[in-house]
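Letters A, B, ... are given to chains in the order of the sequence lines, protein chains preceding strands, and every chain is numbered from 1. Heavy atoms only: backbone and side chains are in, while hydrogens, waters and symmetry mates are out.
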Number of protein chains: 4
Amino acid sequence: MGTHQAVGDEPVSRIERKRGRRIQEILTAAAELFGERGYAAVSLEDVAERLDVTKGSLYYYFASKDALGTAAIETLGNEWTSRLENLPAARAGSPADRLRALLREHTTIAVREYPAALGLFLVPREWPQDQKERIKELRGRHDGLFRRVVEEGVATGEFRVTDVGTVLQCMHASMSQAPVWCEGLGGTALDEAIDRLADTLMMLVVREP
Amino acid sequence: MGTHQAVGDEPVSRIERKRGRRIQEILTAAAELFGERGYAAVSLEDVAERLDVTKGSLYYYFASKDALGTAAIETLGNEWTSRLENLPAARAGSPADRLRALLREHTTIAVREYPAALGLFLVPREWPQDQKERIKELRGRHDGLFRRVVEEGVATGEFRVTDVGTVLQCMHASMSQAPVWCEGLGGTALDEAIDRLADTLMMLVVREP
Amino acid sequence: MGTHQAVGDEPVSRIERKRGRRIQEILTAAAELFGERGYAAVSLEDVAERLDVTKGSLYYYFASKDALGTAAIETLGNEWTSRLENLPAARAGSPADRLRALLREHTTIAVREYPAALGLFLVPREWPQDQKERIKELRGRHDGLFRRVVEEGVATGEFRVTDVGTVLQCMHASMSQAPVWCEGLGGTALDEAIDRLADTLMMLVVREP
Amino acid sequence: MGTHQAVGDEPVSRIERKRGRRIQEILTAAAELFGERGYAAVSLEDVAERLDVTKGSLYYYFASKDALGTAAIETLGNEWTSRLENLPAARAGSPADRLRALLREHTTIAVREYPAALGLFLVPREWPQDQKERIKELRGRHDGLFRRVVEEGVATGEFRVTDVGTVLQCMHASMSQAPVWCEGLGGTALDEAIDRLADTLMMLVVREP
DNA sequence: TATGAATGAGGCTTCATTCAT
DNA sequence: CATGAATGAAGCCTCATTCAT
């Protein structure tokens, strides 16, 4: 049975496109749920219910819960990174402007669209060993984005940092927790909170006049 | 009978002291495991095994897994906070010195002694509602320690911050992730990593000359 | 998904009819066992074994042991009452004839078909509170059958009773114990025992010439 | 260790008398609880708690829960029977008067003092096989009391019955359920209910003028 | 493809029982 | 005698997984 390639590269036939779309739906639902409650606390029944299908159907697309989990993270990570990569404000301007844009966008996505899914990257503790590797890879690519900007700022003398790696870790950790702090906030208050976070994190690369 | 009071005030008789000690053993083991893998991913079997007893025995001391979880967090949080409160270097000197001392000690405890337990405070997502309240309380007391120093520094003009609340959140989030980054580090490398983290986080309150 | 509605109104599709049949099988087995040994003394393992399935399967149809218990009683009670309601001999003739017919049929069902299940109605002591209400309702409907005949007999002067309610209670209690006395009896002896019981209970409404 | 004779004949030494008294306390508590909730639903913890001792202590007096159960029933049955045997009104007068006195007293004990314990005799279904035998014996002796009076009444022509055995069964069954009907009744209402029951059951031996 | 059904392992919890002190 | 502690089997329940249709 031609099953379980899951996240293939390019769907070709109409039927495969449909399959690809279905997979995306599943992954989206799964990512949301895993993010909301954590991997262990989500059952396939939960995922199936959100999609209005039966548990069994999921196995047509994914070989196991673990496989679904891995793929969900992967999809999520890729989409996220792509959005940051394609953010216009992050591609031009001074390193400071670009970094702030990245920080704001990243936090906004976290808080607005995947209010919980960020925990997935942050807390690989509860994931099976297999997935941990995958997650680290994804984070690598993700971090690369920020790293390039920071290093460029350092190179141009615009930034001054204690240690690039540590700074990036702090940024990531802080943004990942944003959905938790911001729980319950909305509208303007939320925007302001995001701004405050970005401003605060910019302090980590600050170069005083 | 005399079961399930768990975290009583002060044990009196010899027998009660013994009981208290046993409870502490259990709580330590539980806190470690919950911290390592998350609440949902830890079974009572796991806890029991680490203590080399049978599952059933745990129920002699705790009425349920939830009760054990709550107590584990509570104990851990209290001990942690106490240690920070009693840290000599955190009680005298300039706000900057005291803050750095707190940051280093907090991170050291996290990395060295409870390499995993910090996640408990950080990720309340997956905890039953009951516990969430408790965790928030504990964090409040914990955060208060840092907050006082930061606010004092701001008052004296020694610190300059974007926003006290946000700064504290970032500090906490960052330190909580330290055990994950530091996984595998040891000896001098570990000390240096902790130093780097403290230095980096000090940037958040920096007052330029 | 389509789980746990258990005792729906009328099955429609073929698949739902099949589900309904399965549910009935389970309920029958459960009612028998609960009746034989009492609610608390029966494990789902017992029920499953009698059906030659695994414990877990039962949860596909019933959300809990309590739910199964409630449904078992409900089904049993309804079926029982229906059979009495539709008994030809209980719908025509003098009250005395009809009452004796009811007594005999009721006892026969108890002894022959649900040799044990009667205890379910009789001993609500050990049932969770929820079920107690349900049981009382069922008994109400059930008792109504007998009550109508007795009251009619009293109205026509054919019967003379001390107190209708008390008489009904005695009848019910006595018939419910019949399976216990009759344990081991068979064939003619059993028929005679049932006759004797009916005759004896008729004494409770006797009107002397 | 000289344990587990449990219900010995005559205690001799002071120490054995004390032991005997303790045993009686335990048996009383146990009988009450078993009667209230049924054998399976009562834990030794429950029994111990009512006596304000620890579970373990019970094993000094009884070898097992089953042994305790058997002994509890035995004690209860014996006491009950003795009280009926010694009832003045049941030892003199016409069979009718004596029978009515027995019925009333029996029901009164059931409802007033052991509001639930009667079920123990009535529903041996849920008891381990061992106990069933014992219970049947006890019931035999118990029934003998009623039987003698009924048979005497029949012999003198004062009573007319369909069948002595059946009549006795009905009486017993009906009285055993009394605590259930009477649940919630009190004072005069309770007395009246008991009277009604006795009057109703007297119908079973009625000899019309 | 999808579903309804079933399975079996594992998790939480209770409880009769044992035993050192 | 009595207790505190521990055990292990058994019970309820969940859930990932499989499979016939």
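Remark on DNA chain F: of its neighbouring residues Ile15(B) and Asp52(B), the 5'-side contact belongs to Ile15(B), judged by nearest-heavy-atom nucleotide.
You'll find that the side chain of Val53(A) is closest to dT3(E), out of dC1(F), dT3(E), dA5(E).
With sequence neighbours excluded, the residues that form a side-chain contact (heavy atoms from CB on, under 4.5 Å) with Thr54(B) are Ser57(B). Residues satisfying the side-chain hydrogen bond (donor to acceptor under 3.5 Å, both in side chains) criterion with Glu45(B), sequence neighbours excluded, are absent altogether. With sequence neighbours left out, Glu49(B) forms a side-chain contact (heavy atoms from CB on, under 4.5 Å) with no residue at all. Checked against side-chain contact (heavy atoms from CB on, under 4.5 Å), Arg50(A) has the following partners two or more places apart in sequence or in another chain: Ala29(A), Glu32(A), Leu33(A), Glu36(A). Taking Arg21(D) as the reference, nothing meets the side-chain hydrogen bond (donor to acceptor under 3.5 Å, both in side chains) condition, with sequence neighbours excluded. For the side-chain contact (heavy atoms from CB on, under 4.5 Å) test, residues two or more places apart in sequence or in another chain that qualify with Ala48(B) are Val53(B), Leu58(B).
The OH atom of Tyr60(D) sits 13 Å away from the P atom of dT3(F) (whole-angstrom rounding). In this structure, Glu25(C) places its CD atom 14 Å from C1' of dA6(E), rounding to the nearest Å. Atom CZ of Phe62(C) is separated from atom P of dG11(F) by 20 Å (rounded to the nearest Å). If you take CG of Leu68(C) and P of dG11(F), they are 15 Å apart, rounded to a whole angstrom. Rounded to whole Å, the distance from CD on Glu49(B) to C1' on dA6(F) is 17 Å. The separation between Glu16(B) atom CD and dA5(F) atom C1' is 15 Å, rounded to whole Å. Taking atom CZ on Arg21(B) and atom C1' on dA5(F), their separation rounds to 14 Å, with Å as the unit. Whole-Å rounding puts the Lys18(C) NZ to dA6(E) C1' distance at 11 Å.
No contact: Leu51(B) has no heavy atom under 4.0 Å from any strand.
At least one test fails for Lys65(C) against the ring of Phe34(C): distance under 6.0 Å to the centre or angle within 45° of the axis. In this structure, Arg19(B) forms a cation-pi arrangement with Tyr60(B), its terminal cationic atom sitting closer than 6.0 Å to the ring centre and no more than 45° off the ring axis.
Arg22(B) has a side-chain polar atom (N or O) that falls below the 4.0 Å cut-off from OP1 or OP2 of dA6(F). Contact check, Arg19(B) against dG4(F): no side-chain N or O comes under 4.0 Å of OP1 or OP2.
With a 3.5 Å limit on both pairing distances and Watson-Crick or G-U wobble geometry required, the stems of 3 or more pairs in DNA chain F span E:2-21 with F:2-21.
Interatomic distance, CZ of Phe62(C) versus CG of Leu44(C), reported as 11.0 Å (0.5 Å rounding).
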Sugar-phosphate atoms are those with a prime plus P, OP1 and OP2; base atoms are the rest. Using that split, label each nucleotide of nucleotides 13-21 of chain E B, S or - for protein heavy atoms under 4.0 Å, 5' to 3'. BBSBBB---
